[in-house]
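For reference, the structure discussed in these notes is given below.
All chains are named by letter (A, B, ...) in the order of the sequence lines, taking the proteins before the strands, and each is independently numbered beginning at 1. This one's a predicted model, so the numbers in the text were calculated from it and none came from an experiment.
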Amino acid sequence: MEYNFRAVEQKWQKYWEENNTYKVDIDTEKPKYYVLDMFPYPSGAGLHVGHPLGYIASDIYSRYKTLEGYNVLHPMGFDAFGLPAEQYAIQFGKHPKVTTEQNINRYKEQLKNIGLSYDWSREVKTSDPQYYKWTQWTFLRMFNHWFNNNTQKAEPIDTLIAEFNKNGNMLVNASCSPTPKFYAEVWRGMEEKERMNILLNYRLAYRAKTLVNWCPNLGTVLANDEVKEGLSVRGGHPVIQKPMLQWLIRVTAYAERLVNSLDNLQWTDALKEMQRNWIGRSQGAEVLFPVKDSNLKIKVFTTRPDTIYGATFMVIAPENPLLLKITTEQYASEIKEYIENTKKKTERERQADVKTITGQFSGDYAINPFTNSEIPIWTSDYVLAGYGTGAIMAVPAHDSRDFAFAKYFNIPIIQVVSGAEITENSYDAKEGTMINSGIIDGLEVKDAMTKIIDEIEKRQIGKRQINYRIRDAIFSRQRYWGEPFPFYYKDDIAYPIDENNLPLQLPNLDVILPTEKGEPPLARLDNWKTSEGYQYETSTMPGFAGSSAYFIRFMDPNNDQQLVSTEANNYWQDVDLYIGGTEHAVGHLIYSRFWNKFLYDLGYVCKDEPFKKLINQGMIQGRSNFVYRIKNTNTFVSYNLKDNYEVTELYADVNIVNNDVLDIEKFKMWNPEYQKAEFILEDDKYICGWAVEKMSKSMYNVVNPDNIIEQYGADTLRLYEMFLGPLEQSKPWNTNSIEGVYKFINKFWRLFFDKDGKFIVTAETPSREEFKILHKTIKKTKEDIEKLSLNTSVSAFMICVNELTSLKCNKKEILEPLTIILSAFAPHITEEIWQLLGHTTSIRFATFPKVEEQYLLETQITYPIALNGKTKFTLDIPIDFDKNAIEKEILNNDKVKQLIDNKTVIKFVIVPNRMINIVVK
RNA sequence: GCGGAUAUGGCGUAAUUGGUAGCCGCGCUAGACUUAGGAUCUAGUGCCGAGAGGCGUGGGGGUUCGAGUCCCUUUAUCCGCACCA
């Protein structure tokens with residue numbers, strides 16, 4: 001009897017749903033384990049075969065952990081708000097609410113078809129008011145907190161106000177926007193508006209006018225991680241820099257903690273490195289350079305204060321307001337022109353021609369505080385306004401960009417570190433002895449660094465300083481489909497709405513385009529106001545808002561009193577295993593760590609870091625198929641004959657190709673153009689060409705899991721996705737070898753049935769050999785699952801079933817444990833067998849079998865016998881033989897004698913349990 | 001330019017972590033059963049060679065009794081970052 005996967009899989013999926021088989025609750029009797037997938041944004045295209053790779057791996061792991069006795073939290077939800085959802089809706093002229101719901105339903109159906117063990121009662125959708133209530137709630141909390149650098153913690157804004165009343169901001173060491181110093185009397189004398197504006201400089205969620213990435217085509221501002229090479233990640237539209245009043249979150253406050261706690265996470269080095277690069281911690285000094293004949297001072301940040309004697313000019317970023325102040329009348333028009341030209345350039349253009357050197361002299365000079373020489377002040381767009389202080393001391397001898405600039409504009413170059421010639425290139429390495437360097441002359445770079453900073457601090461012209469590349473995250477989007485900000489405006493000042501009135505619901509809007517004046521869509525509403533008539537914020541939160549704490553909400557998703565109850569949080573704590581794609585390496589994974597640390601500081605969550613272990617699954621690429629049409633004809637020629645003709649390569653849908661053999665009938669039906677096509681075959685087949693490319697509709701290489709499941713079943717799909725190769729490796733999808741896994745499922749089934757479909761499992765006692773096969777498999781698969789080496793466990797299952805088949809083993813004592821371990825991978829067929837074996841509850845509640853080492857003991861070892869390291873043959877030797885006994889044994893062996901012949905034996909290398917090597921001359 | 005990863009049969013991959021290279025699967029070859037086969041089963045399948053045997057883990061060099069694995073060097077591909085002072 002053939003295994004009817006369609007009936008069996010449907011039967012159990014229905015059973016699981018009806019019996020809430022995968023529902024979990026707090027159970028203090030059991031240890032917890034939290035396995036999380038990065039929840040998807042439900043796109044209109046549905047899932048392709050690449051998406052479930054991580055979901056299947058995490059599902060196998062969850063099921064395994066459950067069998068091992070853990071109480072496993074394994075939830076799923078949808079990242080439903082955001083730009084792409086809105087763009088998709090606009091494209092199809094529908095409301096995002098409608099399309100999002102449709103897409104979610106489609107996703108859920110597809111996920112359920114795969115037999116994933118999610119506890120759907122915990123599903124969250126970021127666009128659900130009951131969910132985003134807590135996103136808004138957290139944002140309000142950020143608004144009401146500041147970051148105390150002394151304690152390295154977020155603290156309530158009231159403590160800061162109290163301090164302002166007492167001492168002004170004179171003693172405050174906060175992570176804040178630049179704020180002038182003031183005394184308590186000054187603070188007390190301020191109007192409310194002024195106070196509110198000052199507090200904004202300290203709040204962890206704040207509003208400020210900053211230079212933003214403005215994307216005209218999308219009509220919104222984007223965060224740094226949403227922009228790549230000056231183009232928007234979504235859609236690839238140009239992005240320009242523009243000052244705008246925006247909501248931001250002060251991620252920079254946590255930069256130090258975000259870098260430091262990376263060390264203890266079980267993430268890949270590659271991922272940690274990406275985060276470190278993104279945070280971009282660099283250590284150096286801030287130094288003041290006085291401007292000649294003026295009270296003005298230019299503050300620079302440098303990581304190379306040791307080279308200060310070689311600073312022969314200064315460069316100020318064109319956007320830096322200081323530039324116009326120091327520019328002399330004579331150069332005013334040139335400088336203005338340079339600033340204008342810079343403004344006109346998009347970020348992309350600015351990055352594109354890095355090699356073109358441009359700049360303009362300001363006419364003014366600064367005094368190098370160590371050489372006391374006058375050095376010219378220039379402006380150039382290679383200095384960025386947003387990093388450091390927006391001004392640099394240029395040391396051409398030891399910085400390649402400064403070097404190129406100095407060469408181009410003929411500015412003197414003074415070498416201050418010995419170690420290399422600097423005629424052609426600068427010498428950037430932090431190694432060598434200081435020369436031409438006054439008080440630090442003769443010191444090594446490292447020592448020079450310490451001494452010069454000490455001196456700078458002593459002279460009070462600067463200080464040690466750590467700078468971060470990471471910027472505060474711009475949090476406003478001038479779009480509709482996102483969480484509304486829980487704020488209203490009175491006299492242009494933002495006031496939070498009462499927490500009891502959360503959620504502030506996203507109002508319905510028929511036309512979700514910007515207004516004629518370019519305001520966000522919500523500005524179309526006349527009644528987007530408080531009951532007192534104050535205007536609500538019209539922009540909405542970005543996509544990463546909703547994904548920053550969903551892993552916390554999953555612990556207690558239906559709680560309408562709290563984000564998460566203390567009880568639930570103390571039990572589930574943190575994510576033990578997080579699986580998702582690398583594309584979130586710096587976006588989501590930075591923001592959610594920040595978000596979590598903030599909630600941790602406030603005591604709402606018990607763990608400082610949310611994701612203990614993180615795995616990036618590899619990308620599944622597409623494998624496209626091609627057909628070859630002879631030019632100007634409707635005749636297609638098979639792959640190996642195509643070189644005899646002049647042909648055009650055309651895509652053929654991979655779904656009508658099997659093992660690179662084209663299904664000609666389906667091909668004719670696929671496109672009306674090909675209906676009358678003719679074919680030149682080889683061996684009566686049409687062979688297609690192929691290439692590995694991105695999985696995409698336009699390349700006709702998208703494989704839908706639904707089709708695979710329809711043809712082979714969900715268990716086969718699950719096993720096959722794992723069988724493809726290591727989880728973390730990127731690989732092309734190729735349906736070709738799925739047959740092998742499908743055969744395996746059927747072969748497993750046949751262990752339980754005879755030819756007539758009679759269930760033939762017996763209670764007979766298994767042989768030692770059968771036990772050995774079983775326990776070998778238990779051991780191997782257990783180790784492999786723990787390492788997430790799931791491809792090799794599939795192959796271990798195949799070996800096991802092959803061996804049991806050849807032994808014609810149908811003994812319950814062997815097959816039942818095997819069924820349990822396989823159930824993590826193939827839950828449907830094993831659930832059916834489990835029932836046939838007489839069980840009345842789901843196999844999910846079974847226990848993972850223990851390895852019994854006694855069955856794995858050998859009596860003999862098969863030793864490879866090598867001559868000079870080359871294996872010649874193998875020899876069975878009893879396991880309890882020691883080195884001497886082995887040597888005696890092999891010396892008496894005829895084959896060994898023959899091998900040695902009349903050569904001189906130099907030595908025997910005998911590694912017990914491993915191998916024997918005879919070294920001869 | 002900087003950083004990271006990878007490289008093994010016709011293809012996807014495996015290798016007890018320095019000890020028999022190629023497990024498992026696809027594909028291919030031959031055969032059995034069969035009305036039929038895109039079912040199932042059996043045997044074979046790294047390359048060269050009739051064979052003995054030789055060669056073989058991107059290339060070159062090294063350490064070692066022994067290297068896919070360690071070290072040096074080099075090449076190719078992929079990914080990330082990139083005027084960050």
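- A:Ser282 comes within 4.0 angstrom of sugar-phosphate atoms only, judged by non-hydrogen atoms across all strands, and of no base.
- You'll find that the side chain of A:Lys907 is closest to B:C65, out of B:C26, B:G25, B:C65.
- The 5' end of RNA chain B is approached more closely, in terms of each residue's nearest nucleotide, by A:Arg623 than by the other of A:Arg623 and A:Ile916.
- A sub-4.0 Å separation between OP1 or OP2 of B:U16 and a side-chain N or O of A:Lys779 is absent.
- Within the 4.0 Å cut-off from OP1 or OP2 of B:C24, not a single side-chain nitrogen or oxygen of A:Thr792 is found.
- Within the structure, every side-chain polar atom (N or O) of A:Asn802 is placed at least 4.0 Å from both OP1 and OP2 of B:C24.
- Nucleic acid contact for A:Pro732: none, since no nucleic acid atom lies under 4.0 Å from a heavy atom of the residue.
- In this structure, A:Asp269 reaches neither bases nor backbone, as no heavy-atom distance under 4.0 Å exists between it and the strands shown.
- Of the side-chain N and O atoms in A:Arg276, none sit less than 4.0 angstrom from OP1 or OP2 of B:C81.
- We find that CZ of A:Phe723 is positioned 12 Å from P of B:G27, with the value rounded to whole Å.
- Judged by Watson-Crick or G-U wobble contacts below 3.5 Å, the nucleotide B:C2 has B:G80 as its partner.
- Heavy atoms of A:Glu739 sit nowhere under 4.0 angstrom from any nucleic acid atom.
- The A:Met274 side chain lies nearest to B:G80 when the options are B:G38, B:G80, B:C81.
- Here B:G51 sits opposite no nucleotide as a Watson-Crick or G-U wobble pair (both hydrogen-bonding atom distances under 3.5 Å).
- Among the heavy atoms of the strands lying under 4.0 Å from A:Gln729 are primed sugar atoms or P, OP1, OP2 only; no base atom is included.
- B:A39 is unpaired under the Watson-Crick or G-U wobble criterion, no partner having all donor-acceptor distances under 3.5 Å.
- In this entry the distance linking CH2 of A:Trp267 with C1' of B:G80 reads 15 Å, nearest Å.
- Contact of A:Asn917 with B:C65 (side chain to base): a donor-acceptor pair of N or O atoms is detected under 3.5 Å.
- The side chain of A:Thr871 places an N or O atom within less than 4.0 Å of a non-bridging phosphate oxygen (OP1 or OP2) of B:A21.
- The shortest distance between the side-chain N/O atoms of A:Arg914 and the OP1/OP2 oxygens of B:U17 is below 4.0 Å.
- With hydrogens and angles left out, the side-chain atoms of A:Ser282 and A:Tyr387 include a donor and acceptor closer than 3.5 Å.
- For the side chain to side chain contact (heavy atoms under 4.5 Å, CB included) criterion with A:Pro396, the lone passing option out of A:Ile413, A:Ile414, A:Thr307, A:Ile422 is A:Ile413.
- The side chain of A:Val919 has B:C65 as its nearest neighbour among B:G25, B:A85, B:C65.
- Here the nucleotide nearest the side chain of A:Ser795, chosen from B:C24, B:C41, B:G3, is B:C24.
- When the nearest nucleotides of RNA chain B are assigned to A:Ile918 and A:Ser806 by heavy-atom distance, the more 5′-ward of the two goes with A:Ser806.
- Side-chain contact annotation: A:Ser737 with A:Tyr720, donor-acceptor N/O pair under 3.5 Å present.
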inquiry  = Please determine whether salt bridge (Lys or Arg N to Asp or Glu O under 4.0 Å) holds for the pair A:Lys743 and A:Glu739, giving the CA-CA distance in whole Å, both sets of side-chain angles, and the decisive distance to 0.1 Å.
reply    = CA-CA 6 Å; A:Lys743 282 181 201 165; A:Glu739 297 278 347; 5.8 Å; no
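- Remark: A:Asn616 is not in phosphate contact with B:C79, judged by side-chain N or O atoms under 4.0 Å from OP1 or OP2.
- Considering only the side chain of A:Met915, B:G19 comes nearest among B:C65, B:C24, B:G19.
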